[in-house]
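First up is the structure itself, then whatever we jot down about it.
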Amino acid sequence: MRDRKTRESGVEPMVRHGSVFLRPAERDDLALFVRWLNDDRTTRTLALRSPLSLALEEGWFGRLLEHHGNDVWHFVICRADDGRPVGAIDLHDVDHVNGSASLGIVIGDPADTNQGYGSDALRAMLAFGFGELRLKQIWLDVYAYNDRARRVYERLGFVHEGTLRHGLFRAGAFHDVHRMAILRAEWEEARSSAG
């Protein structure tokens, strides 16, 4: 079923699932990214250490443009019904020889969490990575205190592969970091059993 935004714009998003579609980041998104990434409620589950300025984000964007489509694929997560950005998701460290990539995701505004946007964005990105990029494995790291995210990853078929004990220092304490991954065959099995 085509959503309202698709009908209005005449465009069928190339990467989408359920409540969201993914589009490339634009320079106009940077101020929104800075707002999201300066909110501790958002960044406590990311590898950021300090506040970001617009100048720093512009430097990141320039580097992203050099690598996008090669060893990085970065997308803005947008709501399907109105196109409003709610987060970002990427595949990075894409290894074309071994067929693997690391996945990162953030829902920017805490008010947009628990709406299913993250799960739908992950499903869209897995379909893109395994279907379009022909990857064999997609992996991610999740901090031990982020149980909600770990449960989402497990529900989508990610498997715990190992623990980096005390791999993260955050807020005055060391925390374990769990490495999780999903193989293409596992994704295909989970997708066929769900549908």
Side-chain angles (χ1 to χ4, degrees), residues 1-3 6 11-25 45-47 64 66-80 85-108 112-168 175-195:
M1 182 168 143
R2 291 164 42 115
D3 56 65
T6 299
V11 172
E12 288 274 345
M14 295 174 65
V15 185
R16 63 186 171 176
H17 184 90
S19 64
V20 302
F21 67 91
L22 309 182
R23 65 162 174 80
T45 59
L46 303 176
L64 172 67
E66 294 174 17
H67 292 273
H68 186 80
N70 295 311
D71 59 348
V72 174
W73 294 85
H74 184 275
F75 297 104
V76 178
I77 304 167
C78 298
R79 294 185 347 165
V86 294
I89 190 167
D90 72 350
L91 292 172
H92 53 277
D93 298 328
V94 177
D95 181 338
H96 296 286
V97 173
N98 295 306
S100 66
S102 176
L103 186 145
I105 183 171
V106 62
I107 299 300
D112 287 324
T113 61
N114 296 319
Q115 305 295 318
Y117 303 138
S119 295
D120 282 350
L122 286 162
R123 287 182 178 99
M125 187 60 103
L126 291 174
F128 179 77
F130 290 129
E132 296 299 321
L133 302 184
R134 299 184 311 227
L135 296 173
K136 294 292 284 180
Q137 180 201 58
I138 296 175
W139 59 272
L140 55 82
D141 289 334
V142 61
Y143 303 150
Y145 56 79
N146 195 356
D147 288 330
R148 185 174 61 182
R150 184 184 43 76
R151 286 190 300 271
V152 169
Y153 302 141
E154 288 171 347
R155 191 170 58 243
L156 294 176
F158 282 83
V159 174
H160 181 263
E161 294 202 331
T163 299
L164 304 171
R165 295 177 301 153
H166 291 195
L168 171 76
H175 304 277
D176 291 346
V177 178
H178 302 296
R179 172 70 47 94
M180 302 181 76
I182 184 170
L183 302 177
R184 183 192 316 196
E186 294 165 338
W187 168 74
E188 290 171 343
E189 182 180 329
R191 194 173 61 147
S192 65
S193 65

- line: With L91 as partner, the option from V72, D71, I138, L126 fulfilling side-chain contact (heavy atoms from CB on, under 4.5 Å) is I138
Heavy-atom closest pair, residues G118 and I105: O-CD1, 3.7 Å
- request: Please report the closest heavy-atom contact between P85 and R23, naming both atoms and the distance.
  value: CG-NH2, 3.7 Å
statement: In this structure, CD of E188 is separated from CD of E186 (nearest 0.5 Å) by 10.5 Å
query: Are Y143 and H175 near enough that their ring centres are under 6.0 Å apart?
result: no
query: Is it true that D141 and R179 have a side-chain N and a carboxylate O under 4.0 angstrom from each other?
result: yes
- prompt: Within a radius of less than 6.0 Å around CD of Q115, do more than 12 heavy atoms belonging to other residues, nucleotides or ligands occur?
  reply: yes
query: Sub-3.5 Å donor-acceptor pair from the side chain of R16 to the main-chain atoms of A124, do we have one?
result: no
message: Can you give me the closest heavy-atom contact between F21 and P13, atom names plus distance?
response: CB-CB, 3.5 Å
query: So which heavy atom on M125 is nearest to which on F75, and how close?
result: CE-CD1, 3.4 Å
query: W139 and A181: which non-hydrogen atoms are nearest, and at how many Å?
result: CB-CB, 3.8 Å
- prompt: CH2 of W187 to CG of L156: how many Å apart, nearest 0.5 Å?
  reply: 12.0 Å
field: Heavy-atom closest contact (V94 atom, L135 atom, distance)
entry: CG1-CD2, 4.3 Å
message: Working to the nearest 0.5 angstrom, can you tell me the gap between L164 CG and D176 CG?
response: 8.5 Å
statement: Rounding to 0.5 Å, atoms NE2 (H92) and CH2 (W73) come to a distance of 15.5 Å
task: Indicate yes or no for a side-chain donor-acceptor contact from D90 to the backbone of G104 under 3.5 Å, with no hydrogens or angles considered.
output: yes
- prompt: Picking from Q137, H178, M180, what satisfies side-chain contact (heavy atoms from CB on, under 4.5 Å) with E161?
  reply: Q137
- prompt: Could you go step by step and tell me if L22 and F128 meet the side chain to side chain contact (heavy atoms under 4.5 Å, CB included) rule?
  reply: CA-CA 10 Å; L22 309 182; F128 179 77; 6.0 Å; no
field: Rounded distance (nearest 0.5 Å) linking atom CZ of R148 with atom OH of Y153
entry: 10.5 Å
message: Before you tell me yes or no, could you show the steps for H160 and E154 under side chain to side chain contact (heavy atoms under 4.5 Å, CB included), namely the whole-Å CA-CA distance, both residues' side-chain angles and the distance that decides it to 0.1 Å?
response: CA-CA 8 Å; H160 181 263; E154 288 171 347; 5.7 Å; no
statement: By side chain to side chain contact (heavy atoms under 4.5 Å, CB included), N70 pairs with (sequence neighbours left out) none
query: Looking at residues at least two apart in the chain, or sitting in another chain, which of them share a side chain to side chain contact (heavy atoms under 4.5 Å, CB included) with A25?
result: D29, F33, F61, H74, V76
query: Do the side chain of R134 and the main chain of G99 share a donor and acceptor less than 3.5 angstrom apart?
result: no
- prompt: Got a second to check how far L183's CG is from F158's CZ, nearest 0.5 Å?
  reply: 10.5 Å
- request: Would you please test D120 and S19 for side-chain hydrogen bond (donor to acceptor under 3.5 Å, both in side chains) and show each step?
  value: CA-CA 6 Å; D120 282 350; S19 64; 2.7 Å; yes
